[in-house]
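One-based numbering along the sequence shown.
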Amino acid sequence: MDKHGKQTISCDVKSCKYNDMECSCSLSEIRVTPKQNCRSKNADESVCSSYCCKNC
């Protein structure tokens, strides 16, 4: 499914190489994983494991 299918992935992380600079992720899917030892019950408990540095 292309990114214009049923779901889209919005992303504000400009340092990620998959961010198309229009706040949209160019990946067809992402993996979200829990952060270790974080049980805050807020958004900071998760992290996008598909992140890849744009200039690394």
Main-chain N/O of C53 paired with S15 side-chain donor or acceptor, under 3.5 Å: no
Among the clusters formed by ILVMFWY side chains lying less than 4.5 Å apart, do I30 and Y18 turn up in the same one? yes
Counting distance only, does the side-chain N/O of K54 pair as donor-acceptor with the main-chain N or O of K14 below 3.5 Å? yes
Over all heavy atoms of both residues, which pair between R31 and S50 is shortest? Give the atoms and the distance, please. N-OG, 2.8 Å
If hydrophobic clusters are built by linking Ile, Leu, Val, Met, Phe, Trp and Tyr wherever their side-chain heavy atoms come under 4.5 Å apart, do I9 and V32 end up in the same one? yes
Any idea which heavy atoms bring N19 and C11 closest together, and the distance? ND2-O, 3.1 Å
Would you indicate whether K17, at its atom NZ, is surrounded by more than 12 heavy atoms from other residues, nucleotides or ligands within a distance under 6.0 Å? no
